[in-house]
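All figures in this text were calculated on a predicted structure; none of them were measured in a lab. In what follows, every heavy atom counts, from backbone to side chain, and hydrogens, waters and symmetry copies are set aside.
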Amino acid sequence: MSAEPDRGASPADVTDADVADVTEAEAVEDTEAKGAVSAPGPDGPKKTTRRFPLLTRDTARPEGGGRAAPGDAPAPARQWPLLTVLSTVGLGLLLTAFDVFRVGTILIGLALIAGAVMRWALPGVGMLAVRSRFTDMVTYGVLGVVIVLLAMMAQPNPWLQLPFLGDTLHRTITT
């Protein structure tokens with residue numbers, strides 16, 4: 001007897017045993033995934049597509065979130081972009097603590113701008129990749145530019161003066 005029922009047979013000729021054999025064969029074929037395979041499910045590996053799911057069940061690594069150096073390199077070498085940004089921010093905070101406020105704060109802003117540039121230019125930046133590439137670049141870049149501009153406008157003796165900003169603040173304070 002074959003595992004597949006005769007397609008030309010009438011419904012009365014097909015037995016329950018034939019249907020059970022076909023169902024088992026289809027179940028085995030369905031559990032054998034070809035192509036892209038996700039984590040195994042309860043019934044075996046599942047086929048996946050490149051489309052985004054309608055319902056998010058897990059978090060994906062951000063693009064560029066791989067190692068910045070080969071896996072056999074020591075941990076600091078694998079995370080050099082993040083360590084570069086953090087050490088520059090730390091130096092800026094140290095300068096700020098030693099009363100070199102303006103230079104230290106500008107250094108912090110420049111470190112964030114450098115993080116945005118590294119996120120744009122490098123394919124893998126390790127733990128510096130938090131979100132998508134675009135979101136990281138915009139976040140690091142905007143925060144860096146705002147910090148640099150605020151440091152340059154800090155009182156006393158600002159390096160950058162925006163005339164419309166002084167008029168706006170003067171009106172709000174006097175009324």
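Considering all non-hydrogen atoms of both residues, Met152 and Ile106 come closest at CG-CD1, 3.9 Å. The minimum heavy-atom distance between Gly141 and Ala116, with the atom names listed, is N-CB, 3.7 Å. The shortest non-hydrogen separation linking Pro81 to Met118 is O-CE, 3.7 Å. In terms of heavy atoms, Val148 sits closest to Leu110 at CG2-N, 3.9 Å.
Using a 4.5 Å cut-off between side-chain heavy atoms of Ile, Leu, Val, Met, Phe, Trp and Tyr, with links allowed through other members, Val117 and Trp80 fall into different hydrophobic clusters.
Qualifying side-chain contact (heavy atoms from CB on, under 4.5 Å) partners for Ala114, counting only residues two or more places apart in sequence or in other chains: none. Partners of Thr139 according to the side chain to side chain donor-acceptor pair (under 3.5 Å) rule, which considers only residues two or more places apart in sequence or in another chain, do not exist here. Here Thr105 pairs with Thr96, Phe101, Ile147, Ala151 under the side-chain contact (heavy atoms from CB on, under 4.5 Å) rule; sequence neighbours left out.
The hydrophobic cluster containing Trp120 also includes Met137, under a criterion of side-chain heavy atoms closer than 4.5 Å among ILVMFWY residues, counted directly or through chains of members. Residues Phe98 make up the rest of the hydrophobic cluster containing Leu94, defined by ILVMFWY side-chain heavy atoms closer than 4.5 Å, directly or through other members.
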- Message: Test side chain to side chain contact (heavy atoms under 4.5 Å, CB included) on Val146 and Leu150; report intermediate values, then the result.
- Response: CA-CA 6 Å; Val146 166; Leu150 288 174; 3.8 Å; yes

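A donor-acceptor pair under 3.5 Å is formed between the side chain of Arg102 and the backbone N or O of Ala154. Put simply, the side chain of Tyr140 gets close to the backbone of Leu128: a donor and an acceptor are under 3.5 Å apart. With Asp136 contributing its side chain and Val130 its backbone, the two residues share a donor-acceptor pair below 3.5 Å.
Separating the CZ atom in Arg119 from the CG atom in Leu112 is a distance of 14.5 Å, to the nearest 0.5 Å. In this structure, CD1 in Ile108 is found 12.0 Å from CG in Leu143, a value given to the nearest 0.5 Å.
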Scan the side chains in residues 85-92 for donor-acceptor partners under 3.5 Å anywhere in the protein, sequence neighbours excluded, and list what turns up.
residue, atom, partner, partner atom, Å
Ser87, OG, Leu83, O, 2.8
Ser87, OG, Thr84, O, 3.1
Thr88, OG1, Thr84, O, 2.8

